[in-house]
Amino acid sequence: MNDSSDKLPPMKPSGIAARALAARGAAPATTHAGYLSGLNDEQRDAVESTEGPVLVLAGAGTGKTRVLTSRIAHILATKRAHPSQILAVTFTNKAAREMKHRIGHMVGQEVEGMPWLGTFHSIGVKMLRRHAELVGLRSNFTILDTDDQIRLIKQLLQAEQLDDKRWPAKMFASLMDGWKNKGLTPDQIPQGDARAFAEGRGRKLYQAYQDRLLTLNAADFGDLLMHPINILRNHPDLLAEYHRRFRYILVDEYQDTNIAQYLWLRLLAQRPAGQQPNLCCVGDDDQSIYGWRGAEVDNILRFEKDFPGAKVIRLERNYRSTQHILGAAAHLIAHNEGRLGKTLFTDLVDPEHDKVAVTNAWDSEEEARAIGEEIEQLQRKGHALNDMAILVRASFQMRGFEDRFVTLGLNYRVIGGPRFYERMEIRDALAYFRVTVQPADDLAFERIVNTPKRGLGDVAIKLLHEYARAKNIPLLAAAGELIEGEEFKPRPRAALAEIVHNFRRWGEMVTHMRHTDLAETILEESGYTAMWQNDRSAEAPGRLDNLKELIRSMDDYDSLPGFLEHIALVMDTEQNESMDAVSIMTLHSAKGLEFETVFLPGWEEGLFPHQRSLDEGGRSGLEEERRLAYVGLTRGKKRVKIWFVSNRRIHGLWQSTIPSRFLEELPEAHVEVAEASSSYGGYGASRWDQDAFSTSSYQTPGWKRAQAAAQAGGYPGGRDGRISYGENGVSGSNPRDNAARRADKYINRDGTTRNEPATGFAGRMNEPYVAQASRGSNQPPRKGAGLYSSAIAGGPREISGELIAKSVAETPSQFSEGDRVFHLKFGNGTVAIVDGNKLTVDFDKAGQKRVLEGFVQPI
DNA sequence: GTGAACTTCGTTTTT
DNA sequence: CGAAGTTCAC
């Protein structure tokens, strides 16, 4: 358990990136040619196969980034190309930064000279600024953020007199996003899509939106790729120029590319017949988790067809995880179809290594307590908190952990969440700067005309709009003219006049004042700083800090316009990684990271796999969820601890839950089903514990709320968290005796077998797959109330060697068809179908429902 | 035009 | 249950 390699590295790493770097076994690369040493055969092959199309299938932890950076270093060192002749694209700024940094290390200096290493978007902007006039923009166009975008759409919808309840702006935004992800201009969208929104006005609105962007001299994120695609398509001379320029093209995370990105790449990688591009795409189809935002796994699956004769290199030697972790992950992901197929292996085999642990907790609070306890135990053994992470499926899960860690005084850090630039105060401040630099930036102007409150509401804005539209001038200019007239009442007119004059003054200062000072002046004189100073809310001080931080960060740029240009794309800021803290984040944001110990809570049906993925994505939705699970598992280096709870509060109501099907897909050989720490009282008592049953008020009338709240407050495990659950928690019965008893297997349409009826999961909208009976309680069922007291449900397995089969005794249900039963919420009914511990009951009044048998009594 | 009551709805997120 | 957005009375 406590193997020596667990000890802290001699040098204290400063951050996640640094740790990741060190951990990937990056050779010191002190000499300039050192980039080749320490590579395994496949990695070396990937680095040296510089000519022609190459697809590198890099499994988790196989040194993907290392290959990419070494390859670039190799191209440079062998003088195959100048830095400016290499196009290297990533998805995130972080990845781009890390690559720059590491190449710099290898080559011996910072690679300032790689102008075309960056994100799809930053490279798109670069191209677009060069040729902006070809699509009707000026090269100083603004990049809209999502807020601006929504506001603009709202205006358009209003102009169309559309009911914004029925046709929300956000819906149209995501629709348009989808089109742009596919590289479709308004005239190219399919007929069906065009009709989909607002009774056939989709296309027209899209066109109107694009027109409006042009007049605003603005582009949204989708345009940053759309426009370049159209430019390259329509201007062969330019395309040829880029073909000559980019002698080598590299793409990171190819499995995440969407259609637009694919089209863009394909244009750039196009070569005359008989020639092949020097294109290297690196990715892992098993880690494709962004299908929901337009990523096409198909791009990577199709690579060999797109580029006949492509060389495919598999990186399967894993340098990160123990054999148990890899074994579990491999077995799980094998349940997906349509993979390119890789099997990770490692030499890290040690009988001392922990198996992947699966543990059950009664409810989410106990889950947080138990994980907190485990973290403290590890900490006492000398493990750094920085080496531990909790990876959740959905961000609402984070809260429980945060609450728990606060009471424990355990340092934690939430990764993800609203990013710095997305915060309201930052966007407001930026809007002030934008208008200062570009008085025609209507969207920015609108954002802050009445922030802080100046008494300029809808009426005033509307007037401004009408005037501006009539004269075809920007809003600020319209304001400038209107304050001379009598259109406004005195008070709004004065307010408007002040803004107009302020912006004029600030605009003049841009040239002779230091930009950081000017920024401070603007926020000061506009009353924006004062607004937060007078705000008594808890967040206000933090917001002021953020504003300070914003101004401080402007120091890194040499002018206000320069700063704004950058901030639109590179808007993330570093987290303070100096303190030792447990990381809490979603599985999505964990991709690419690694930790000694990884906790994976919440493996329950409905949450993980998420019900919505199942409902909306069907089989492929499930497979993407499975890939997420795979990503989660493969983040762990030494220890992976999976948890699932029997009861979870969803939308404020306690619901009993069923273990994730992914648990059943784990191999027995690498996984152990752990008992929850004894201090939590072990597993539940008999399901028929009368007291427990009657106290778990599944249906609490409104008048009982206060009472319930009081009970909840006294619910064991408050501050201390070490209290056992008391009388209900003790029982002589073996926890597993209460396992779900599923006898029958069900055959899916695809021929695989499952232990659940397929209908339980598919086709049910907006309703997590939980026992009906358990819904409607605002109090957690007490432990021992006996739902899913077992560690894991299971039955005979089809795939051999999978988890649990042996650990659960098969007990037939005590009910059979035709039995009369009573249910607290639904009343009396007749059992129609018995499915293990799940019953389908025809209730006399409530109709047919599926319930867990623990919730009904025989009558 | 603004704050307070009321309704709605509930993944994942980068740029 | 709680956040976010919306409506409604001053």
Side-chain angles (χ1 to χ4, degrees), chain A residues 89-96 118-125 143-146 149-150 154 164-165 168-170 174 177 180-181 219-225 253 256-258 260-261 289-295 391-399 415-419 421-422 424 450 452-461 489 491-492 495 566-572 585-592 602 606-617 621 624-625 627-628 631-632 648-655 700 705 708-709 712 766-768 776-780:
Chain A
V89 273
T90 64
F91 272 83
T92 63
N93 291 304
K94 195 175 155 200
T119 63
F120 277 98
H121 294 267
S122 67
I123 292 171
V125 177
I143 299 164
L144 296 193
D145 65 26
T146 22
Q149 210 180 340
I150 296 289
K154 275 190 176 151
D164 55 355
K165 269 272 163 53
K170 278 190 179 157
S174 65
D177 203 47
K180 293 191 175 185
N181 282 160
D220 66 19
F221 279 116
D223 288 344
L224 301 183
L225 270 173
E253 306 277 20
D256 286 339
T257 49
N258 61 33
Q261 286 154 342
I289 54 175
Y290 286 112
W292 52 273
R293 65 174 197 210
L391 311 182
V392 299
R393 172 68 240 273
S395 41
F396 74 82
Q397 292 172 262
M398 292 179 180
R399 193 151 167 185
I415 313 258
R419 275 169 304 286
Y421 75 94
E422 276 177 347
M424 190 204 317
N450 202 30
K453 301 260 181 293
R454 300 184 174 95
L456 294 166
D458 292 347
V459 180
I461 309 293
K489 297 208 176 85
R491 216 177 320 173
H566 230 83
I567 203 76
L569 289 174
V570 190
M571 293 186 274
D572 57 348
M585 69 187 95
T586 63
L587 287 160
H588 283 94
S589 39
K591 194 167 80 158
L607 176 59
F608 191 37
H610 199 282
Q611 191 59 37
R612 269 182 87 156
S613 300
L614 267 27
D615 289 342
E616 290 163 19
E624 184 155 310
E625 294 285 301
R627 291 193 289 268
L628 249 193
V631 167
R648 188 173 289 280
R649 207 163 64 176
I650 301 170
H651 307 336
L653 299 175
W654 283 95
Q655 299 188 154
T700 309
R705 288 270 168 84
N766 298 325
E767 193 167 12
S777 169
N778 50 15
Q779 178 193 28

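First the proteins, then the strands, lettered A, B, ... as listed; each starts at 1.
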Problem - Short side-chain N/O contact to B:dT12 OP1/OP2 from A:Ser395, under 4.0 Å - result: yes
Handout entry: Rounded distance in Å - CG (A:Asp145) to P (B:dT14)
Key = 15 Å
Practice task
Applying side chain to side chain contact (heavy atoms under 4.5 Å, CB included), name anything that partners A:Ala96, two or more places apart in sequence or on another chain.
Solution key: A:Thr90, A:Leu117
Practice task
Using the test side chain to side chain contact (heavy atoms under 4.5 Å, CB included), find all partners of A:Asp177 that sit at least two apart in sequence or belong to another chain.
Solution key: A:Asn181
Exercise for the section: Would you tell me if any nitrogen or oxygen in the side chain of A:Lys165 comes within less than 4.0 Å of OP1 or OP2 on C:dT7? Expected result: yes
Practice task
Determine: side-chain N/O of A:Arg612 to OP1/OP2 of B:dT12, distance under 4.0 Å, yes or no.
Solution key: no
Problem - Separation of C:dC1 C1' from A:Arg648 CZ (nearest whole Å) - result: 15 Å
Completion exercise
With the side chain defined as heavy atoms from C-beta on, A:Ser589 is closest, among B:dT15, B:dT13, C:dG5, to B:dT13
Completion exercise
Here the distance between atom P of B:dT12 and atom CD of A:Glu625, to the nearest Å, is 11 Å
Handout entry: Residue list, ring pair (Phe, Tyr, Trp, His ring centres under 6.0 Å) with A:Phe91, at least two apart or on another chain
Key = A:Phe120
Handout entry: Interatomic distance, A:Phe396 CZ vs B:dT13 C1' [rounded to whole Å]
Key = 17 Å
Problem - Euclidean distance for C1', C:dT6 against B:dT11 (whole angstrom) - result: 24 Å
Completion exercise
Rounded to whole Å, the OH-C1' distance (A:Tyr290 to B:dT15) equals 12 Å
Problem - Near-parallel close stack of A:Phe221 and B:dT14 base (under 5.5 Å, under 30°) - result: no
Practice task
Nearest whole angstrom, please: distance from the P of B:dT13 to the NE2 of A:His121.
Solution key: 16 Å
Completion exercise
From the candidates B:dT13, B:dT11, B:dT15, the one with an atom nearest any side-chain atom of A:Arg293 is B:dT13
Completion exercise
Closest to the 5' end of DNA chain B, once A:Phe91 and A:His588 are matched to their nearest nucleotides, is A:His588
Handout entry: A:Arg419 side chain, from C-beta outward: closest of B:dT13, B:dT14, C:dT7
Key = B:dT14
Practice task
Could you work out the separation of C:dG5 and B:dT12 based on their C1' atoms and round it to a whole Å?
Solution key: 22 Å
Fill in the blank from the handout: Taken in chain and number order and not counting sequence neighbours, the residues that satisfy side chain to side chain contact (heavy atoms under 4.5 Å, CB included) with A:Pro452 are A:Tyr432, A:Arg454, A:Tyr528, A:Met531
Practice task
Determine the contact category for A:Ser613: base if any of its heavy atoms lies under 4.0 Å from a base atom, sugar-phosphate if only primed atoms, P, OP1 or OP2 are that close, otherwise nothing.
Solution key: base
Practice task
Please check the phosphate of B:dT11 (OP1 and OP2 only) for any side-chain N or O of A:Thr586 closer than 4.0 Å.
Solution key: no
Exercise for the section: Check every atom of C:dG5, B:dT15, B:dT11 against the side chain of A:Ala394 and return the nucleotide holding the closest atom. Expected result: B:dT11
Practice task
Would you check if the side chain of A:Glu625 reaches a backbone N or O of A:Phe608 as a donor-acceptor pair within less than 3.5 Å?
Solution key: no
Practice task
Taking the side chain as every heavy atom from C-beta outward, state whether A:His610 and A:Leu628 have any atom pair closer than 4.5 Å.
Solution key: no
Practice task
Taking side chain to side chain contact (heavy atoms under 4.5 Å, CB included) as the test, write out the residues that go with A:Thr146, two or more places apart.
Solution key: A:Gln149, A:Arg427
Exercise for the section: Look at the rings of A:Tyr290 and A:His588 and say which category their plane angle falls in: under 30° parallel, 30 to 60° tilted, over 60° perpendicular. Expected result: tilted
Practice task
To the nearest Å, give me how far apart CD (A:Gln397) and P (B:dG10) are.
Solution key: 17 Å
Which atom pairs link the protein and nucleotides 1-5 of chain B when you take only N or O atoms and keep those under 3.5 Å?
unit_1	atom_1	unit_2	atom_2	d
B:dT2	OP1	A:Gly455	N	3.4
B:dT2	OP2	A:Asn450	ND2	3.0

Fill in the blank from the handout: Taken to the nearest whole Å, CD/A:Glu616 to P/B:dT12 is 13 Å
Exercise for the section: Identify, between A:Gly222 and A:Glu624, the residue whose nearest nucleotide on DNA chain B lies closer to the 5' end. Expected result: A:Glu624
Completion exercise
Picking from B:dT14, B:dT11, C:dA3, the nucleotide nearest the side-chain atoms of A:Arg399 would be C:dA3
